[in-house]
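Report on one structure; see the data block that follows.
Note: hydrogens, waters and symmetry copies are ignored here, and every other heavy atom, side chains too, is used.
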Amino acid sequence: MALGKSNKLPQTAVLKQILKRCSSLGKNKHGYDEEVLPVDVPKGHFAVYVGENRTRYIVPISLLSHPEFQCLLRRAEEEFGFDHDMGLTIPCEEVVFQSLTSMLIR
């Protein structure tokens with residue numbers, strides 16, 4: 001290994017691992033296609049659950065490159081972990097999530 005190289009995985013690889021660890025994307029259950037993704041989620045998107053009511057949102061994968069969204073994913077991992085049957089749950093009020101995602105998607 002060359003000097004100055006880090007043992008850390010590239011940021012995109014880490015984010016992909018986070019999504020794979022999410023049980024809603026990692027288990028082949030009824031209603032999932034061959035790629036083990038929910039059939040109602042378009043290609044290039046993923047589902048998250050937000051707020052006290054766990055409202056489901058479909059968001060583009062491009063959000064994964066934004067530091068603000070990455071912060072939400074880290075909070076989700078700290079608070080809920082990714083080894084549960086609830087899907088990727090974001091610890092954020094819905095109005096804040098909607099505001100953030102609408103700002104990032106533009």
Looking only at heavy atoms, what is the nearest atom pair of [X] and [Y], with distance?
{"X": "Pro91", "Y": "Glu79", "value": "CB-OE1, 3.2 Å"}
{"X": "Ser99", "Y": "Ser102", "value": "O-OG, 3.0 Å"}
{"X": "Val59", "Y": "Phe69", "value": "CG2-CZ, 4.4 Å"}
{"X": "Ile58", "Y": "Pro42", "value": "CG2-CD, 3.9 Å"}
{"X": "Phe46", "Y": "Leu88", "value": "CE1-CD2, 3.9 Å"}

Any side-chain to backbone donor/acceptor pair from Glu93 onto Gly51? Under 3.5 Å, distance only.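 Pair absent, no side-chain N/O of Glu93 close to backbone of Gly51.
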Is it true that a side-chain atom of His66 and a backbone atom of Leu64 form a donor plus acceptor pair closer than 3.5 Å?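 Looks like no, no N/O pair under 3.5 Å.
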Would you compute the distance between atom [atom1] of [X] and atom [atom2] of [Y] and round it to the nearest 0.5 angstrom?
{"X": "Arg54", "Y": "Ile90", "atom1": "CZ", "atom2": "CD1", "result": "10.5 Å"}
{"X": "Cys92", "Y": "Glu52", "atom1": "SG", "atom2": "CD", "result": "12.0 Å"}
{"X": "Ser62", "Y": "Leu104", "atom1": "OG", "atom2": "CG", "result": "9.0 Å"}

Apply side-chain contact (heavy atoms from CB on, under 4.5 Å) to the pair Val48 and Leu72, showing each step before the final yes or no. CA-CA 11 Å; Val48 296; Leu72 286 178; over 6 Å; no
Please state whether the rings of Tyr57 and Phe97 are parallel, tilted or perpendicular, taking 30° and 60° as the class boundaries.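 Ring orientation, 0 to 90° scale: tilted.
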Apply the test side-chain contact (heavy atoms from CB on, under 4.5 Å) to residues Thr55 and Gln98: give CA-CA distance (whole Å), side-chain angles for both, the deciding distance (0.1 Å), then the verdict. CA-CA 11 Å; Thr55 304; Gln98 291 170 348; over 6 Å; no
Side-chain heavy atoms nearer than 4.5 Å, only ILVMFWY residues, links allowed to pass through others: does that put Val50 and Val96 together?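 Different clusters: Val50 never reaches Val96 through Ile, Leu, Val, Met, Phe, Trp or Tyr contacts under 4.5 Å.
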Shared hydrophobic cluster, Leu63 / Met103 (ILVMFWY, side-chain heavy atoms < 4.5 Å):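 Leu63 clusters together with Met103.
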